[in-house]
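In this chain, residues are counted from 1 in sequence order. Note that the structure is predicted; figures quoted are calculated from it, not measured.
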Amino acid sequence: MSQAVQAVSQQVTGDLYAEVQTFYARQMRKVDSLDIEGFADTFTDDGFVVHSTGERAQGREAMVAGMRASLPRYQDIAVRHWFGHLLIEPDGDDRLRVSYYTLVTQTSREGNVSFQPTFTVDDVLVRRDGRLLTLSRVIHRDTPVAPPAS
């Protein structure tokens, strides 16, 4: 599914942009180091992820179970999630809509690097007790966009 480019209607402050970037840096370091429970704790209790396959994990317990089942895939490789081109838009007082591109690399023990397909991710972040958490994440696998008709 091709993703349309979104226009941001409201500019966020540099401080908020840096806070969101730092949130994702910490969140991805948890998943990349296979700290499954720590990663799940960056979501609200009722948070969910919809993967590009359509599979949905609702709640922290389901996320942890799904990630545990995937652990054998990550044996003998180092995984890194790279995020960029964040579009951040406030959606009420304590809610942010964030859309970004992600690239995942996998490095073998021998140092060989492979790239996984790219994705566009749409998150809703909420502030609870002063802390950012992910309420929802929808992951879209990138596909080519049809050229404009001439």
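Of the listed residues (T42, T22, D41), just one forms a side chain to side chain donor-acceptor pair (under 3.5 Å) with Q27, and that residue is T42. Considering T118, T105, T102, V104 as possible partners of W82, the one that fulfils the side-chain contact (heavy atoms from CB on, under 4.5 Å) test is T105. Each of R60, E61, R128 was checked for a side-chain contact (heavy atoms from CB on, under 4.5 Å) with D45, and the lone residue meeting it is R60.
A heavy-atom distance below 4.5 Å is found between the side chains of F43 and V49. Within the 4.5 Å cutoff, the side chain of L86 has heavy atoms near those of the V20 side chain. Side-chain contact between L34 and L71: present, with at least one pair of heavy atoms (C-beta onward) separated by less than 4.5 Å. In this structure, the side chains of I36 and R68 come closer than 4.5 Å at one or more pairs of heavy atoms. Residues V138 and V121 form no side-chain contact, since every pair of their non-hydrogen atoms from C-beta on lies 4.5 Å or further apart.
Grouping the Ile, Leu, Val, Met, Phe, Trp and Tyr side chains by contacts below 4.5 angstrom, directly or via other members, places V64 apart from L135. Taking hydrophobic clusters as Ile, Leu, Val, Met, Phe, Trp and Tyr residues chained together by side-chain heavy-atom distances below 4.5 Å, V113 does not share a cluster with Y74. Cluster membership check: V98 shares its hydrophobic cluster with F83, using side-chain heavy-atom separations under 4.5 Å among Ile, Leu, Val, Met, Phe, Trp and Tyr.
Closest non-hydrogen pair, P90 versus V12, comes out as CD-CG1, 3.6 Å. The two residues A57 and M63 have their closest heavy-atom pair at CB-CG, 4.0 Å. For S52 against R141, the heavy-atom pair with the smallest separation is CB-N, 3.7 Å.
No more than 12 heavy atoms of other residues, nucleotides or ligands shown are found within 6.0 angstrom of CG on D93. The local environment of CZ in R29 is sparse, with at most 12 non-hydrogen atoms from other residues, nucleotides or ligands closer than 6.0 Å.
One side chain, T44 or D46, offers a donor N or O that lies under 3.5 Å from an acceptor on the other.
In this structure, OG in S136 is found 7.0 Å from CZ in R97, a value given to the nearest 0.5 Å. Separation of atoms NE2 (H85) and OG (S99) is listed at 11.5 Å; rounding is to 0.5 Å. Atoms CG and CG, from L96 and D123 in turn, are 10.5 Å apart once rounded to the nearest 0.5 Å. Annotation: the span from R95 atom CZ to R127 atom CZ amounts to 14.0 Å, rounded to 0.5 Å. For the atom pair L16 CG and I88 CD1, the distance stands at 6.0 Å (nearest 0.5 Å). One finds the CG atom of L87 at 10.0 Å from the OG1 atom of T120 (value rounded to the nearest 0.5 Å).
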Practice task
Evaluate the criterion side-chain contact (heavy atoms from CB on, under 4.5 Å) for residue pair V124 and T134; output intermediate values, then yes/no.
Solution key: CA-CA 6 Å; V124 174; T134 306; over 6 Å; no
Practice task
Verify side-chain contact (heavy atoms from CB on, under 4.5 Å) between H81 and L103, making sure each step is shown before the conclusion.
Solution key: CA-CA 6 Å; H81 290 76; L103 172 69; over 6 Å; no
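Within the 3.5 Å criterion, the main-chain N or O of Q116 finds no donor-acceptor partner in the side chain of Q106. A donor-acceptor pair under 3.5 Å links the side-chain atoms of S108 to the main chain of N112, judged by distance alone.
The pair R131-E19 does not meet the salt-bridge criterion, since no charged nitrogen lies less than 4.0 angstrom from a carboxylate oxygen. Contact check on R137 versus D122 returns no salt bridge, with no Lys/Arg side-chain nitrogen under 4.0 Å from an Asp/Glu carboxylate oxygen.
Aromatic pair Y100/Y24: centroids less than 6.0 angstrom apart.
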